[in-house]
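Here's the structure, in structure tokens; my notes come after.
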Amino acid sequence: FTPKIAELMPELHREHLNHVNSELMRLWEKGFVNIDFLSDKDPVITLTALAFNSEALNSLSKQDKWSIEEIKRLSRHKEF
């Protein structure tokens, strides 16, 4: 989504953010991401060593694996 979606379809935007936040919290609880809530702007998400460990990744659900790969993809293109 682009930032414009918040104006055009606020309910969809809110649902999407809730879904993303839920996935990030699940990955944080499992130790695959760090979340810096004290950064100056939005929270900063970084991957832990587990996110690059194939054995650990194999223990995840298909959805969690997809989420990790999406974070990796996004982090290659800009600061996440």
For the student: nearest non-hydrogen atoms of [X] and [Y], plus distance:
X     : Y     : result
Asp36 : Ser39 : OD1-N, 3.5 Å
Thr48 : Gly31 : OG1-O, 2.5 Å
Lys65 : Leu57 : CE-O, 3.0 Å

_Pair Leu60-Lys30, side-chain contact (heavy atoms from CB on, under 4.5 Å): steps then yes or no_ = CA-CA 9 Å; Leu60 294 176; Lys30 293 179 179 183; 3.9 Å; yes
*Candidate pair Leu27 and Ile68, rule side-chain contact (heavy atoms from CB on, under 4.5 Å), full reasoning*: CA-CA 8 Å; Leu27 292 171; Ile68 295 259; 4.0 Å; yes
*Run the numbers on Ile45 and Leu74 for side-chain contact (heavy atoms from CB on, under 4.5 Å), then give the verdict.*
CA-CA 11 Å; Ile45 312 300; Leu74 290 170; over 6 Å; no
*Are there more than 12 heavy atoms of other residues, nucleotides or ligands under 6.0 Å from atom CE of Met25?*
yes
*asked:* Is it true that, when you exclude Glu11 itself, more than 12 heavy atoms of the residues, nucleotides or ligands shown sit nearer than 6.0 Å to its CD?
replied: yes
*Step by step, work out the side-chain contact (heavy atoms from CB on, under 4.5 Å) result for Leu47 and Phe32.*
CA-CA 6 Å; Leu47 295 166; Phe32 286 86; 5.9 Å; no
*How far does CG of Asp64 sit from NZ of Lys62, to the nearest 0.5 angstrom?*
13.0 Å
*Looking at CD of Glu70 and CD of Gln63, how far apart are the two atoms once the value is rounded to the nearest 0.5 Å?*
10.5 Å
_Would the distance check show the side chain of Ser67 and the main-chain N or O of Glu23 forming a donor-acceptor pair, the cut-off being under 3.5 Å?_
no
*Distance-only, no hydrogens or angles: does the Asn21 side chain make a donor-acceptor pair with backbone N or O of Leu17 under 3.5 Å?*
yes
_Same apolar cluster: Val20 and Ile35, side chain cutoff 4.5 Å_ = yes
*Are Leu38 and Val44 connected in the hydrophobic side-chain network, where two residues link if heavy atoms are under 4.5 Å apart?*
no
*Between Glu15 and His19, is a side-chain hydrogen bond (donor to acceptor under 3.5 Å, both in side chains) present by the stated rule, with each step listed?*
CA-CA 6 Å; Glu15 286 179 27; His19 178 72; over 6 Å; no
*Using a strict 4.0 Å threshold on nitrogen-to-oxygen distance, state whether Glu29 and Arg26 make a salt bridge.*
no
